[in-house]
Amino acid sequence: MSRRVVVLGTGGTIASRRDERGAAAPTDAVAALLTGLDLGDVEVVARDLLAKDSSALTPADQALIVREVQVALGDPTVVGVVVTHGTDTAEETAYLLDLVHRDERPVVLTGAQRPADAPDADGPGNLTDALRVASDPAARGLGVLVVFDGFVLAARGTRKVHTHEVTAFAQPDSGPLGRVEGGRLVVDGQPAHREHPPVDLAGLASIRVDIAAVYPGVDGTALAAFAAAGARGVVLVATGAGNANPAIVRAVEDLTRAGVVVGLTTRVDAGPVFAGYGGGGGGADLIDAGAVPLGTLRAGQGRILLLALLASYDDAAAVRAAVPTFVG
Ligand code: ASP
């Protein structure tokens, strides 16, 4: 009996061809991506949602993708869903999908680092692997996955780690869940953590959450400007274990007093943020000033979490309380 998988196309390099400058832009429909693939006994239902570079996606686009995955899973004959997606922000969409995904059936994001017209395009191999994973009973219960270059990664904590190498993604804090080897899925791990807060998809598009960087000499200008522009949340990408300086601590106090939720993450690749340093600008001071440590989440996924929580809760205190305390 064939196994039915829905493939939803959103664009990205996997669907892109290059112009005379050598610059890639999405052109190909899902049906073209599937041409020539060895699908085995998988029956594919293809649907094109968007044709965008993922760096141009909006929260409304991300909400649309989530809704369409839910629609696909509304069909009980579907065993899994694949989303073809640009690599730049796949980690955000994957995590948003995972926040709302309570179904046992796998949802798999994949894409490519090399465009569809490259002689050594990696898209066909990645899509074939993604279809295998989405149709394999061993992937049930693992949540939303990123399948890329033979690696199977849990959505939460997965990050793009290279601008052009085909091994585009990694899970710096807990490693991959498995691999696709010789066309077969080998699972040797479970997602370290998943959370399912209420997510009001309709509200995502109307909420502003920004990201501010910390670096030597930075002051509170960006944080204040984001608040003035109407941000209800800001993710502060701090240094080290989650540290900044006294000017940033004062700005965090101001934003917190104004009801803006400041999430605390770091520019370091792996490990959780923690209140390990004081001195007026350290993580302990930022947290005392109201910043909410985001554990092992980095800026992109931390921002998605704040967006989701801010769309679902009216007041900042409820959002702060709902941020998971998981630290990896
Ligand atoms: N800029 C592209 C995108 O995110 C990169 C890719 O797909 O690999 O859509």
Side-chain angles (χ1 to χ4, degrees), residues 7-35 37 46-66 68-69 81-98 107-131 133-134 144-172 176 180 204 211 269 298-304 307:
V7 181
L8 303 174
T10 69
T13 296
I14 190 170
S16 294
R17 292 176 184 275
R18 288 165 291 188
D19 64 17
E20 61 289 347
R21 300 169 301 168
T27 51
D28 289 5
V30 176
L33 309 187
L34 292 162
T35 304
L37 300 190
R47 197 171 300 148
D48 293 292
L49 302 183
L50 300 162
K52 282 191 163 184
D53 189 291
S54 74
S55 52
L57 291 177
T58 63
D61 294 328
Q62 294 167 318
L64 168 85
I65 295 168
V66 174
E68 291 297 328
V69 167
V81 177
V82 171
V83 180
T84 57
H85 198 289
T87 57
D88 287 2
T89 67
E91 63 204 61
E92 276 104 320
T93 302
Y95 180 56
L96 179 63
L97 280 162
D98 199 50
V107 173
V108 178
L109 271 78
T110 196
Q113 288 278 66
R114 297 174 183 152
D117 59 1
D120 53 356
D122 53 333
N126 285 338
L127 184 51
T128 305
D129 286 350
L131 286 164
V133 173
V144 176
L145 302 168
V146 176
V147 171
F148 215 94
D149 192 34
F151 290 100
V152 179
L153 303 140
R156 191 188 208 277
T158 285
R159 305 195 257 287
K160 186 171 183 180
V161 293
H162 203 284
T163 55
H164 62 85
E165 293 289 349
V166 292
T167 308
F169 291 95
Q171 237 290 5
V180 182
L204 289 187
I211 297 176
D269 278 349
R298 292 304 186 262
Q301 293 191 344
R303 178 176 167 278
I304 290 291
L307 262 181

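Owing to the predicted nature of the structure, the values given are computational and were not obtained by experimental measurement. As the structure lists them, so they are numbered: ligands from 1, and atoms in each ligand from 1.
If you number the atoms of ligand 1 from 1 as listed, the ones under 4.0 Å from a heavy atom of Q113 come out as 8 (O). Near A112, meaning under 4.0 Å from any of its heavy atoms, are these atoms of ligand 1: 6 (C), 7 (O), 8 (O).
Taking each of G111, G12, A25, S54 in turn, the one with a heavy atom nearest to atom 4 (O) of ligand 1 proves to be S54. In this structure, of T13, T89, T10, the residue bringing a heavy atom nearest to atom 7 (O) of ligand 1 is T13.
Remark: the backbone N or O of K160 is paired with a side-chain donor or acceptor of E91 at under 3.5 angstrom. Between the side chain of S54 and the main chain of D88, a donor-acceptor pair closer than 3.5 Å is present. A donor-acceptor pair is defined here as one N or O able to donate and one able to accept, closer than 3.5 Å; no such pair exists between the side chain of D117 and the backbone of R17. At distances below 3.5 Å, at least one donor-acceptor pair connects side-chain atoms of R114 with backbone N or O atoms of D120. Panel note: side chain N126, backbone G111; a donor-acceptor pair is recorded below 3.5 Å.
Looking only at heavy atoms of the protein, atom 2 (C) of ligand 1 is closest to D53 OD2, 3.4 Å. In terms of protein heavy-atom proximity, atom 8 (O) of ligand 1 is closest to T87 OG1, 2.4 Å.
Contacts with ligand 1 closer than 4.0 Å are made by no heavy atom of A24, backbone or side chain.
Side-chain atoms of I14 and D28, non-hydrogen and from C-beta on, never get closer than 4.5 Å to each other.
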